[in-house]
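What follows is a single structure, written as structure tokens, with notes after it.
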Amino acid sequence: MSTATIGADAARAIARAGNEPDWLERWRLQAWDSYEEAPLPDRVVHLWRYTEPEKFLIDKVNPLLPDGGEGRAVDPAAVMALSDKFSSEATQNLAGLLIQQDAQAPVFALEDEWRDAGVILCDLSTAVQQHPEIVEKHLGKQVPIEESKFAALNAALFSGGVFLYVPAGVEIGTPVHALYQSGQDLAAVFPRTLVVLEEGASAIMIDEYGSAPDASTNGASPRVIAHAVTEASVGKNARLQYVNVQNWGPRTRSHYTQKFHLGRDTQAVSVGIGLGGLYNKTDVRTELRGANAYSEMIGILFGDASQHFDNHTEQIHVHGHTYSDLDFKVVLENSARSAYTGLIRINIDAPDSEAYQENRNLLLDKECRAESIPELEILNENVRCTHGATVGPIDEEQVFYLMTRGMSRRAAERIIVEGFFAPVLDRIDDKAMHARLWDYVRDKLQTR
Amino acid sequence: MSDNGQPLFEVQNLKVAIDGNEILRGVDLTINEGEVHAIMGRNGSGKSTMANVVMGHPAYEVLEGSVKYKGEDVLDLDTDERARLGMFLAFQYPMAIPGVTVSKFLHSALKARAEGGDVPVREFRVNLNKAMDLLGVDPSFASRYVNDGFSGGEKKRLEILQMFVLEPTLCILDETDSGLDIDALKTVAEGINALRSEQRAILLITHYQRMLNYVEPDVVHVMMDGKIVRTGGIELAEALEEKGYEWIEQELFHDTDAATAAEAAQA
């Protein structure tokens with residue numbers, strides 16, 4: 001069978017397994033056609049200058065099909081216990097938790113308080129059964145099929161997924177955590193998250209991707225191609241903190257697309273954590289579409305071995321009186337590579353906007369390489385905008401200072417790197433996740 | 001004298017170059033436990049070079065001579081090894097370490113000095129709070145990032161605070177008085193005086209006599225053109241304050257003249 005048939009059949013099978021409405025099945029099939037028909041991205045176009053799109057094709061791996069089970073709402077205590085499987089840290093003080101393994105139906109739990117307030121947390125298949133009108137209104141609106149060849153691929157083949165809906169005026173003070181874990185070898189996986197905050201709502205959402213070896217790999221990390229998508233619609237006067245933790249295993253190639261739509265008087269903080277994967281491309285865009293929309297995009301990336309990272313960000317000021325600030329910190333060791341391109345666009349009818357961008361890169365070894373390329377399209381003159389980028393090794397004078405206090409060179413480098421990441425990591429409110437991220441970072445540093 | 005009968009700190013015929021330029025041209029200096037020495041000299045005389053070389057700054061090349069701490073030549077040791085032996089440099093321009101709190105920084109330094117031993121957090125906090133109290137530093141200091149956005153006075157206070165917490169045996173203070181207003185200078189000087197003890201030696205590097213009004217040294221040295229050219233008591237500092245460095249230059253000039261004359265006479 002050709003890939004085309006496999007893909008269309010898979011899209012159909014996923015739609016049927018989820019008992020999805022016709023519009024969704026049609027959308028998936030259309031997405032698959034679009035994926036098949038779209039040429040590979042042009043390497044001359046700057047977005048793909050640093051990364052080979054062929055690496056994300058799925059013809060040598062198997063798209064995972066759902067097992068036919070339905071997403072299950074379970075008792076919060078049960079799902080919290082389940083989370084221990086994924087994390088040594090106790091997962092406490094969560095408003096909700098959702099766990100998905102490969103293409104299996106997710107389990108999820110939401111504290112009663114929030115369920116009673118009208119919050120919805122479940123997988124997308126369940127959501128489309130129970131709340132079809134909300135899903136139809138928002139799914140694929142920020143990341144439509146036309147977004148890109150690989151966004152179309154996700155639309156065709158995602159299963160399970162995460163749906164978080166917070167109704168007007170509901171403010172969830174504690175985080176909602178979603179864990180996606182791949183285990184199967186030679187698989188293509190398609191995590192998808194849809195966050196909708198209505199007027200005056202607030203939420204903290206943590207999305208985490210990881211891999212764990214399963215029986216098929218004899219303890220080695222699975223070989224996976226992951227195409228993930230997150231879209232968020234943040235309504236008037238709503239506040240979202242969204243944390244995306246990319247901690248795929250060392251034999252995963254990952255492509256990730258994230259798009260936020262900010263309405264009037266909104267605040268969104270997008271935190272990107274890039275740790276895992278072998279070959280990774282990430283495309284994150286926030287569109288400020290209402291007056292007083294406020295966006296922070298902060299992130300860290302820590303690459304080692306021969307990891308490849310290609311991060312692109314877009315701060316798009318569609319409306320005037322909007323504010324965006326981006327701070328992306330990169331540390332590389334061994335022969336890791338990072339290419340960062342960051343676009344600030346301020347439209348002609350977006351006066352009185354402010355946009356800031358900073359990308360700093362610390363190179364710990366001679367063989368690692370980083371590129372940093374800001375791109376400015378400032379069409380209105382009445383704005384404030386700055387950008388800055390640095391690429392270089394650790395400052396030897398800092399190392400000397402710390403060594404005069406008794407720390408070894410390694411210990412000095414470690415504490416400098418920790419300090420470099422701290423302003424971003426310390427923004428993460430969830431204590432367990434905060435501790436876990438520091439563990440991930442320190443684990444990588446310990447190997448030095 | 002230290003336990004092994006050696007001076008605590010002894011520099012002999014130290015010659016040092018940076019980028020091929022000889023900056024130190026044969027420095028000799030001996031400091032015993034319990035003593036406070038001052039090295040005075042104009043900018044560019046080699047004072048800061050000496051402080052940095054003693055701690056092993058990688059930019060300098062030692063051409064000749066030795067630096068001994070408790071009788072052991074430390075020139076082959078890494079900077080951190082020297083620090084762990086008990087040597088400390090208070091920097092003229094302390095480095096900012098963004099993202100690392102004062103508290104974490106000091107705890108890490110103590111852990112490094114404990115060489116794998118434990119540094120109980122509770123005990124550490126108590127000691128840190130005591131030291132901050134003594135130096136009149138606000139408790140919020142501990143949670144600020146090291147020297148990041150600090151005023152000149154705050155930076156110098158943090159250097160002194162570190163000496164209280166790390167308890168080094170040899171403290172070299174490089175221009176700790178520079179850039180301080182009179183109140184900050186007094187606080188810093190009080191801190192230094194509180195650190196004076198029978199077991200500890202302090203070396204103050206300065207180009208003003210001002211600091212020495214508050215911290216009285218036992219021995220005063222004058223450095224000029226990469227050498228120590230005069231050694232005396234506090235009266236030497238006072239004479240410098242009064243007459244300036246030209247006075248010594250002229251004396252040296254005459255000395256040289258005299259020596260040349262003597263040589264000529266012998267010939």
Side-chain angles (χ1 to χ4, degrees), chain A residues 271 273 298-302 327-331 358-362 364 366 388-390 392-428 434-435 437-439 441-442 444-446 448, chain B residues 51-60 77-102 104-116 119 143-148 155 158-159 161-163 165-168 170-172 174:
Chain A
V271 186
I273 309 289
I298 57 180
I300 65 161
L301 188 165
F302 191 176
D327 181 6
F328 183 43
K329 293 179 150 69
V330 176
V331 175
E358 184 176 283
N359 170 228
R360 294 180 58 204
N361 299 267
L362 269 188
L364 304 189
K366 286 200 175 67
T390 57
I394 289 184
D395 182 352
E396 275 300 316
E397 295 296 328
Q398 286 183 325
V399 173
F400 178 65
Y401 185 65
L402 294 171
M403 287 178 77
T404 63
R405 274 46 180 160
M407 293 176 219
S408 66
R409 170 168 288 274
R410 297 250 151 130
E413 286 178 356
R414 278 203 296 270
I415 200 170
I416 290 167
V417 171
E418 287 184 30
F420 186 68
F421 284 149
V424 172
L425 288 182
D426 291 348
R427 289 288 298 278
I428 292 166
H434 180 258
L437 288 176
W438 273 118
D439 285 349
V441 166
R442 290 193 179 114
K444 274 205 176 194
L445 278 171
Q446 278 311 327
R448 282 189 73 75
Chain B
N52 282 295
V53 164
V54 163
M55 290 310 291
H57 193 291
Y60 298 95
L77 299 182
D78 286 336
T79 297
D80 55 316
E81 295 174 297
R82 301 182 201 197
R84 292 198 297 269
L85 289 176
M87 300 168 69
F88 183 94
L89 171 62
F91 281 55
Q92 181 178 6
Y93 303 111
M95 295 302 296
I97 314 288
V100 179
T101 62
V102 166
K104 183 191 163 74
F105 163 66
L106 284 170
H107 194 233
S108 301
L110 278 174
K111 276 197 288 194
R113 297 162 100 90
E115 314 251 359
V119 182
S143 50
R144 292 174 63 189
Y145 294 154
V146 174
N147 291 317
D148 196 15
K155 285 183 185 173
L158 177 56
E159 297 295 289
L161 179 70
Q162 292 176 47
M163 287 191 268
V165 175
L166 302 178
E167 302 185 310
L170 173 68
C171 304
I172 302 171
D174 188 9

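Throughout, a chain's letter reflects where its sequence line sits, starting with A, and its residues are numbered from 1.
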B/Y145, part contacting chain A, at a heavy-atom distance under 4.5 Å: side chain
Contact leader toward chain B among A/A411, A/A412, A/G406, where contacts are heavy-atom pairs under 4.5 Å: A/G406
Gap separating the CG atom of A/L425 from the CD1 atom of A/I300, nearest 0.5 angstrom: 4.0 Å
B/P168, part contacting chain A, at a heavy-atom distance under 4.5 Å: neither
Plane angle bin for B/F91 and A/Y401 - parallel if under 30°, tilted between 30 and 60°, otherwise perpendicular: perpendicular
Derivation and outcome, salt bridge (Lys or Arg N to Asp or Glu O under 4.0 Å), residues B/E159 and A/R405: CA-CA 11 Å; B/E159 297 295 289; A/R405 274 46 180 160; 2.7 Å; yes
Leading residue by heavy atom contact count with chain A [cutoff under 4.5 Å; candidates B/S108, B/A112, B/G99]: B/G99
Region of B/I97 in contact with chain A, defined by heavy-atom distances below 4.5 Å: both
Interchain contact, A/F420 with chain B, by part (heavy-atom threshold 4.5 Å): backbone
Interchain contact, B/Q162 with chain A, by part (heavy-atom threshold 4.5 Å): side chain
Contact origin within B/A59 toward chain A - heavy atom pairs under 4.5 Å: neither
Side chain / backbone / both / neither for B/D148 at chain A, heavy atoms under 4.5 Å: neither
Proximity breakdown for B/A90 and chain A, heavy-atom pairs closer than 4.5 Å: backbone
Side-chain (A/N359) to main-chain (A/F328) donor-acceptor, under 3.5 angstrom: yes
Backbone of A/T404 reached by a side-chain donor or acceptor of B/T79 within 3.5 Å: no
Check: B/A83 main-chain N/O paired with B/R113 side-chain donor or acceptor under 3.5 Å: yes
Close side-chain approach of B/M95 and A/D395, heavy atoms under 4.5 Å: yes
